[in-house]
Amino acid sequence: MCLGIPMKVVKIEENLGIVETGGVKRRIFLDLIDDVKEGDYVIVHAGYAIHRIDEKEAQENLDLIRQYLSATELS
């Protein structure tokens, strides 16, 4: 199963970005999306930002992931 995680871009260094979600930071490649800016939200998959999304959509996706993880921890 492939899963893209919404993350906030907190810093950009040339074609690399530092992204964060839930206190976890990762260094990713930004080559697949034009004009990414600090503060943007992106979907991250396999070390690449693959899609820009707005903050509301990012939070909705993160909430769904949290709900799934909570449900699987209980079973």
Side-chain angles (χ1 to χ4, degrees):
M1 178 171 85
C2 297
L3 184 62
I5 304 294
M7 302 187 86
K8 183 177 183 177
V9 178
V10 295
K11 188 172 184 178
I12 296 175
E13 301 169 341
E14 298 184 16
N15 69 327
L16 297 174
I18 305 296
V19 292
E20 186 274 335
T21 196
V24 175
K25 291 184 178 178
R26 294 283 186 260
R27 184 179 306 266
I28 65 165
F29 292 100
L30 301 172
D31 301 313
L32 302 178
I33 303 175
D34 292 330
D35 300 323
V36 176
K37 297 175 180 63
E38 292 178 4
D40 284 349
Y41 284 83
V42 294
I43 297 292
V44 177
H45 176 69
Y48 283 85
I50 59 172
H51 181 67
R52 184 184 356 251
I53 60 175
D54 64 33
E55 183 175 357
K56 180 181 178 204
E57 186 177 8
Q59 294 304 323
E60 290 171 354
N61 279 278
L62 289 170
D63 288 344
L64 288 171
I65 292 170
R66 287 184 197 104
Q67 289 174 16
Y68 173 78
L69 292 174
S70 291
T72 58
E73 288 175 2
L74 297 176
S75 59

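Quantities reported herein were computed from a predicted structural model and do not represent experimental measurements. Throughout, numbering of the chain's residues begins at 1 and tracks the sequence.
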Please report the closest heavy-atom contact between [X] and [Y], naming both atoms and the distance.
X	Y	value
Ala49	Ile28	CB-CD1, 3.8 Å
Glu38	Lys11	OE2-CA, 3.4 Å
Ile65	Pro6	CD1-CD, 4.1 Å
Val24	Met7	O-CE, 3.8 Å

Rounded to the nearest 0.5 Å, what separation is found between the [atom1] atom of [X] and the [atom2] atom of [Y]?
X	Y	atom1	atom2	value
Ile5	Leu62	CD1	CG	7.5 Å
Arg66	Leu69	CZ	CG	9.5 Å
Lys25	Glu20	NZ	CD	6.5 Å
Glu57	Arg52	CD	CZ	12.5 Å

Quiz item: With a cutoff of under 4.5 Å between side-chain heavy atoms, which Ile, Leu, Val, Met, Phe, Trp and Tyr residues group with Tyr48?
Solution: Leu16, Phe29, Leu32, Tyr41, Ile43, Ile50, Ile53
Self-check item: Beyond-backbone contact of His45 with His51, side-chain heavy atoms, under 4.5 angstrom
Solution: no
Exercise. Check whether any side-chain heavy atom of Lys37 sits under 4.5 Å from a side-chain heavy atom of Val9, and report yes or no.
Key: no
Self-check item: All side-chain contact (heavy atoms from CB on, under 4.5 Å) counterparts of Asp34, not counting sequence neighbours
Solution: none
Quiz item: Which one of Ile18, Val19, Asp40 satisfies the side-chain contact (heavy atoms from CB on, under 4.5 Å) criterion with Val10?
Solution: Ile18
